[in-house]
Amino acid sequence: MLVYALVAGLLFGLYFSLVGIGLNLVFGVMRIVNLAHGDFLMLGAFIAVGVSALAALDPLFAVPLAFVVFVLVGLVLYRLLVPRLQGSVNPEMLSIILFFGLSQVIEALTTIAFGTSERSIPSSELGAILAPLRVRLFGDADGPVELFGQTFPATWAISAMVSVIAIGLVYVYLYRTRLGTLTRAVMSRRDEAFATGINVDRVSAAAFGIGLGLAAVAGVFAPFMFGSVTPAFGEDATVTSFAVVVLGSLGNPLGTALGGVVYGISYMLVQTYLSSWADLLPYVLLILILLLRPSGLLGRRVRVA
Amino acid sequence: MPSTLRHLLFIVAPLLIVFAILPGVYENHLMLFNFVVFLILAQGVNVIYGFTGYLPFGYVGFFGGGAYGFAMMVMHAHAPAPLALIVAGVAAVLLGLLLTPLLRLSGAYFAIANLAASLAVLHFVANPALEDITRGPYGVSLTATFNPNAAYWAALLVLALTLGVVVFLKNSRFGLALQAVREDPVSAAMAGVSVVRMRVVAWLASALIAGLAGGVYAWYVSVFFPDNVFSGTFSIFAIVFALFGGVATIIGPIVGVLILYGVYNLIGFTTPQYFQLIYGLLIMGLVLFLPAGLVSLATRRGWHVP
Amino acid sequence: MSPEPTPILQADGLVKRFGGFYALGGLTFHVAPGEILGLVGPNGSGKTTAINVISGLYAPDGGRVTFEGRSIGGLASHRLVHLGINRTFQVPKPFLSLTVRQNIEVALAYGRSASAPPSIESLLQEYRLAEVADRPAQDLNNVQQKTLDLVRALATGPRLLLLDELAAGLNPTELDWIASRIRSLAQAGMAIIVVEHLMGFIEQITDRVIVMNAGKEIFEGTLAVAVKVPEVIEVFLGGEHAA
């Protein structure tokens, strides 16, 4: 039972890392709280449902599609919303409200278009394209995966694998590309980045697009990890993302990978041994972590050089 | 005439009188009651967000806490409604005290932690393991105190109290000092203001307001589930109403509730998703084009808005 | 020279660490009522940190600060304000959405000044803010915001005033004016500590200077003598203020 909880927690945790990483990238670079993050996840899930139901393709094909579509959506939304927001008196606070409004718009439009019924995808469809590989590795094309003597749904393993790859690519972007290096510079010292002539706007737009793209990619796997999705799924996903992101330290995207794993494992442990209190976990964890890393009673204390 | 008296006479009194008369001439009492509840909550948000800058994304935690404080007094202590209402307020203040460490957080961190706190309280109250105490997810039924009429008058009383608090903040040095803390805590401390104490007082006052609102709500509806009284809609509506009108004023939140909740009642019930769409677009437009609320249309022209 | 009066503020071996970095490494100095003391030194020598510790923004990690004979290390800022210490900020942060008058009202109401503080009208007149008294502070220009920051401090009736780079960004006329204001405050008995990069301004108003380097005092005396001390010259030539 313990081994099961630990491994399942690890698989879920890797997936949770992907769920949160886009949110953290956006906050880290722009100090914008994207309360619509979960809604982009939800839209990613609907793309997967569409790819599976309309095109009868492996939902894995939805991954590149969702990413490209939402990077573009992100770039457009950035132009429409962010410059005006940054010009206001208190962008961080107002961003919470602005993106809450956006989440309402997305949820409403999705409801108007698709109704409120629960959408799911047969789990055998995910990774169908990998069947030959799986026959070679595990001896069958579908059915559960065996790890450390325990069996898990194959969809969990595939989601975790894709998450690892996606996080690896984020790492490559941040540490091996020029734009990524600039992104890290903006994250660590936003004020100074302006002064040093970095095109903060371009860096921010890219981060915003990639952030939404990653959310949508995470969304592709949501129907498998959570059973089904509805347009209202976004709200829960946002809170979970926050728990993951705060655990791994806000403003540090790669910390999110750690946060996700810690979150996933503790979630599974509580689920296994103390199931009636499992719902409380993300919230209590979130508050404790926030309080144990205090920014001081006076907020940002250091205001003088 | 001192401005306090002017505000009480020309803003607070007319509003209370209108809502005292309306039940006699308009039959949808539930809707009137909801208007009063949202007026209270929007002003409660005004106290904490408008005057101190803390965005209470989980404000409903105090509301739900108050509702359950009321319910438990009635269920377990067989208390009369007025006593249970006082306990509702006390319960919310205690919850506020428990959450004072959150005031250490600034900006978005506070908003998120507060949201998480309200959800934690919801999942705590709704836990089946606590069925003997809170009835868990199965909800409560308070037939002993059922009296919507009395509850409506109690709600008006709470509204009067709340408006009194806001008028005081708007006209006192205490309110001025709170706003100074909101603008810059370091400079405020250097003006001699005890930053921590001011914040805690405002926080507990806004908790008390929401707790009393939750109490009268429980009294009025008498049957409810955790998901009803801890619904995030209360927080969001209260925040948006207050912002839409303009915070740190007396009339801003009132105008916001009357207009937006009015719109909600016109189109909200029949086609909720279309209301949600309009509402979402309205929020976005508000932040982008009118971040200081409707009252800023007047203040921009140099007019003074109470 | 008249015999030195009892110091109002005495710092002994003041230490402030940030992680492993010693911003103050045992700073010792004093200032007397009616005296204007200059704190000078290259960037990063700990001048502003010293002011932040004395005004309660940071608690000291070692050493002692006494104000009027009472140990004040680690007291919260608002308590220090009530005792009679106040300061201005390098980058002033007035209460932007409040009017200039309201900005001052807060300090008058909460400063708990021991002496009767000056009236709001006289402050507005004396510091040339009367015309903008009813405008929100966000409408003020930088110099006016700095003046408002000073008035906010004065409204609490301090006996010790710390001025952090008050002169930066002022034109020569404004400099002369502010220098005369500071001198008249000192003549009325206020102890004043000035942190400043403009040496001309320091020379114009201070009675005495402390030269700081790496969180410690390396010289104490008049500026005229200081500029002839080899150690001081080396610190400044090595720093960015060589010119």
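- For the atom pair A:Thr110 OG1 and B:Gln273 CD, the distance stands at 11.0 Å (nearest 0.5 Å).
- Within residues 123-134 of chain B, the residues having any heavy atom under 4.5 Å from a heavy atom of chain A are, by residue number, B:His123, B:Phe124, B:Asn127, B:Ala129, B:Leu130.
- Atom-to-atom distance recorded for A:Ile96:CD1 and B:Phe57:CZ is 6.0 Å, nearest 0.5 angstrom.
- At most 12 heavy atoms of other shown residues, nucleotides or ligands fall within 6.0 angstrom of atom CD in A:Glu235.
- Within a 6.0 Å sphere centred on OH of B:Tyr274, other residues, nucleotides and ligands contribute 12 heavy atoms or fewer.
- When B:Gly53, B:Ala116, B:Ala108 are compared by the number of non-hydrogen pairs under 4.5 Å with chain A, B:Ala116 comes out ahead.
- If you measure heavy-atom distances from B:Ala120 to chain A, the contacts under 4.5 Å come from both the backbone and the side chain.
- Ranked by non-hydrogen atom pairs under 4.5 Å with chain B, the options A:Val284, A:Thr111, A:Ile97 are led by A:Ile97.
- Here the CD1-CG distance, from B:Ile236 to A:Leu35, works out to 8.0 Å after rounding to the nearest 0.5 Å.
- Residues satisfying the salt bridge (charged side-chain N to carboxylate O under 4.0 Å, His left out) test with B:Asp227, not counting sequence neighbours, are none.
- We find the CD1-CG distance between A:Ile287 and B:Leu99 to be 7.0 Å, quoted to the nearest 0.5 Å.
- For the pair A:Phe242/B:Leu115, no side-chain contact is recorded, criterion being any heavy-atom separation below 4.5 Å from C-beta on.
- Residue-level contacts of residues 279-287 of chain B with chain A, in order of numbering, are B:Tyr279, B:Gly280, B:Leu281, B:Ile283, B:Met284, B:Val287; threshold 4.5 Å between heavy atoms.
- Residues of residues 98-108 of chain A lying under 4.5 angstrom from chain B, judged on non-hydrogen atoms, are A:Leu98, A:Phe100, A:Gly101, A:Leu102, A:Gln104, A:Val105, A:Glu107, A:Ala108 by number.
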